Amino acid sequence: MDRPLRLITTSPVDQLARTIEALLVIASQPLSVEELAEASADERERVETALGLLSERYREGRSGIVLEQVAGGWAFRAAREAAEACGRLFERPVQRSLSQASLETLAIVAYLGPCTRPDIARIRGVAADSAVANLVERGLIAEAGREDGGGGAVRYRTTPLFERVFGLESLSELPRLDDLGGSADEIRDRLAAVAERRPA
Amino acid sequence: MDRPLRLITTSPVDQLARTIEALLVIASQPLSVEELAEASADERERVETALGLLSERYREGRSGIVLEQVAGGWAFRAAREAAEACGRLFERPVQRSLSQASLETLAIVAYLGPCTRPDIARIRGVAADSAVANLVERGLIAEAGREDGGGGAVRYRTTPLFERVFGLESLSELPRLDDLGGSADEIRDRLAAVAERRPA
Amino acid sequence: MPPVVVRELELDLDAFEGPFDLLLTLVLREELDLAEVDVAGIVVSFVERLAEREQLDLEACGEFLVLVAALLELKARGLFEEDADLAELEPEEAAEELARRLEEYRRMKEAAGWLFERLAREGDRFFRLGPAPLAPQPERRLGPQSPERLAEVIRLLAAEPPDVSLGHMALQFPPVAQFLERFRSLLARRRRVDFEEAVAGLSRVEVAVAFLALLDLRRSNEITIEQAAPFAPIRISATDVEGREPWIARSA
């Protein structure tokens with residue numbers, strides 16, 4: 001039994017239902033009845049009535065979008081019949097290489113040992129926040145305490161996953177950079193000096 | 001005239017349309033016709049037909065969910081009539097307005113990108129560092145490699161979020177540069193006139 | 001309506017707020033980085049000021065042009081120190097290049113205006129940022145990588161940046177103090193000095209810096225500047241200690 005026409009009339013509850021559709025389609029979290037009532041400046045009971053209408057409209061077998069009540073409230077999800085297609089969408093192809101920003105940040109952390117975002121930014125000449133966040137999210141670098149015995153900026157080091165991806169038993173197997181300096185500190189100083197001369 | 005019933009029959013295109021609804025409701029970015037065809041394991045032409053059906057169903061005034069063509073793909077957004085309700089619950093993608101410096105920098109990157117901070121400073125006549133940092137933080141521009149095959153200044157380009165925020169199907173929707181600004185001849189004439197007044 | 005006094009022009013820029021002559025002073029004392037100063041903003045302020053009057057104030061225009069040209073030249077030096085070829089351009093070529101750059105900037109300004117209006121119009125378009133609440137978790141897998149790439153990237157970061165010579169700029173951009181001294185010693189010997197004569201044989205950059213030195217001397221009331229007409233010779237004389245007059249840049 002289908003009554004989709006109810007949603008497109010102009011009666012007030014249908015208008016409220018459209019507002020709720022709009023709120024749910026842009027939400028990143030399930031929304032509670034209270035949140036929906038507050039955002040739409042309407043009454044709880046009417047929101048519940050509208051949700052009833054929408055549940056009827058957005059249900060398995062009838063729509064690819066399904067309205068579901070979960071722990072935190074209400075949210076849209078993909079219909080089960082589309083599970084295979086959704087699986088294909090989210091199955092990312094294996095990525096062949098990292099972006100220049102990620103690669104530079106990773107190389108700095110790998111060669112110079114635990115370092116902070118300001119350290120990385122100084123050497124690269126640009127802010128490192130998004131590159132660092134990206135590498136942390138991928139599990140290639142991780143936090144390793146703070147500078148100055150705990151009070152300073154967060155330091156980052158490479159992870160075991162990094163060693164696996166780069167085929168290294170340990171960091172000591174990294175290709176040597178003797179031409180740039182004998183120690184990590186020397187290389188760091190050299191990179192920092194070059195960075196200062198680079199055009200902004 | 002409304003024909004929502006078409007979407008809930010079991011004819012193949014309607015089933016494909018439901019699959020596409022499902023894909024779009026869980027996607028984080030606009031999906032291109034190619035991506036939709038690949039995920040739904042169907043043909044491009046049929047995907048386009050299904051998108052035509054869905055555009056009719058999810059449009060302003062008829063649904064709280066609106067299907068739009070933006071940033072090189074298709075995406076759901078909230079209906080404009082629900083903007084007030086949405087504003088109560090969510091931040092706008094670009095909540096605070098952009099400064100003149102940021103807008104000019106954004107325009108330069110959109111038209112001339114990928115380009116570096118010195119490139120931008122050269123055109124604006126003012127150092128661009130804080131405007132660039134601001135736009136990167138907002139996700140409207142992003143790093144895109146370095147100049148001179150890797151050793152030079154970092155280049156920037158606009159992101160798909162930029163196109164989404166500005167409601168552009170692609171960068172080619174920006175007005176043509178030739179249509180902007182007056183004629184260069186006018187400025188040249190004025191400079192020539194000044195030069196002529198100067199005693200030799 | 002009173003004449004437009006260029007040096008009293010009130011500016012409201014990102015980097016500076018106050019009268020024009022204070023801005024010049026700060027730039028000369030290197031307390032304000034010229035790269036941060038929006039010269040177009042100064043021009044707009046001036047044009048707005050002019051527009052308030054019914055008649056075109058030629059005198060103010062001439063004075064303003066000279067000041068802004070000097071500022072622009074200094075700024076161009078600072079921003080494009082690597083453009084050595086710019087200094088070798090003939091005046092016509094330089095004017096052509098300047099017109100081209102102004103035109104490019106004007107287009108970008110209009111494009112920025114277009115973006116501003118577009119953003120305002122799209123203010124009621126809301127879309128989801130980030131993943132859907134019940135979406136599957138995407139897994140980002142990275143294929144095997146070569147450690148050589150890491151070494152390569154570090155070597156690139158350690159490579160000397162292309163074409164940067166700071167010596168070039170020091171050479172081309174003489175300190176203002178040098179000209180302050182030069183004018184002071186000239187005026188110690190002579191009652192009146194002709195500016196053109198004093199800077200004869202100098203490069204255009206040096207002339208611009210010399211001119212800024214002149215303005216600084218005028219500010220500290222050490223000299224009086226006179227010019228009979230736009231583009232007429234600029235005459236400089238030492239100010240009498242008792243009778244310090246206000247700055248007069250008269251036209252005939």
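Here is the naming used below: chain letters follow the sequence lines, and residue numbers restart at 1 for every chain. Note that the structure is predicted; figures quoted are calculated from it, not measured.
- For the pair A:Ala27 and C:Pro133, the tightest heavy-atom approach, listed with the atom from each and the gap, is O-CD, 3.2 Å.
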Apply side-chain contact (heavy atoms from CB on, under 4.5 Å) to the pair A:Leu106 and C:Val153, showing each step before the final yes or no. CA-CA 10 Å; A:Leu106 196 55; C:Val153 162; over 6 Å; no
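- Heavy atoms of C:Ala159 lying under 4.5 Å from chain A belong exclusively to its backbone.
- Heavy atoms closer than 4.5 Å to chain C are found nowhere in A:Glu173, neither backbone nor side chain.
- Within 6.0 Å of CD on A:Glu169 lie no more than 12 heavy atoms contributed by other residues, nucleotides or ligands.
- Shown here is A:Glu38, whose CD atom has no more than 12 heavy atoms of other residues, nucleotides or ligands within 6.0 Å.
- Atom CZ of A:Phe166 sits about 11.5 Å away from atom CD of C:Glu148, to the nearest 0.5 Å.
- Between A:Ser28 and C:Leu129, the shortest heavy-atom distance links the atoms OG-O, 3.1 Å.
- Contact check for A:Phe162 versus C:Leu150: side-chain heavy atoms found under the 4.5 Å cut-off.
- Looking at A:Leu177, the atoms closer than 4.5 Å to chain C (heavy atoms on both sides) sit in the backbone and in the side chain alike.
- In this structure, chain C has heavy atoms under 4.5 Å from both the backbone and the side chain of A:Asn134.
- Rounding to the nearest 0.5 Å places CZ of C:Arg155 at 4.0 Å from CG of A:Asp179.
- For the options C:Pro136, C:Ala132, C:Gly130, heavy-atom pairs under 4.5 Å to chain A are most numerous at C:Pro136.
- In this structure, CZ on C:Phe127 lies 9.5 Å from CD1 on A:Ile26, to the nearest 0.5 angstrom.
- Note on A:Leu112, A:Ile123, A:Val165, A:Leu89: by heavy-atom pairs under 4.5 Å with chain C, the leading option is A:Val165.
- Heavy-atom distances place no part of A:Leu24 under 4.5 Å from chain C, backbone and side chain included.
- Heavy-atom contacts from other residues, nucleotides or ligands closer than 6.0 Å to CZ of C:Phe116 number 12 or fewer.
- Atoms CZ and CZ, from C:Arg141 and A:Arg138 in turn, are 12.0 Å apart once rounded to the nearest 0.5 Å.
- In terms of heavy atoms, C:Leu134 sits closest to A:Ala75 at CD1-CB, 3.9 Å.
- Under a cut-off of 6.0 angstrom, the local environment of CD in A:Glu186 is crowded, with over 12 non-hydrogen atoms contributed by other residues, nucleotides or ligands.
- With rounding to the nearest 0.5 Å, the separation of CG in C:Leu157 from CD1 in A:Ile108 is 5.5 Å.
- Minimum heavy-atom separation, A:Leu103 to C:Arg149: CD2-NH2, 3.0 Å.
- Taking all atoms of both residues into account, the shortest heavy-atom contact from A:Gln95 to C:Gln145 is O-NE2, 4.4 Å.
- In this structure, the portion of C:Pro131 lying under 4.5 Å from any heavy atom of chain A is its backbone and not its side chain.
- For chain C, the nearby part of A:Arg176 is the backbone; its heavy atoms alone come within less than 4.5 Å.
- C:Ile154 CD1 to A:Arg188 CZ: the interatomic distance, rounded to the nearest 0.5 Å, is 10.5 Å.
- For the pair C:Arg128 and A:Val25, the minimum side-chain heavy-atom distance is 4.5 Å or more.
- Other residues, nucleotides and ligands contribute more than 12 heavy atoms inside 6.0 Å of the CD atom of A:Glu60.
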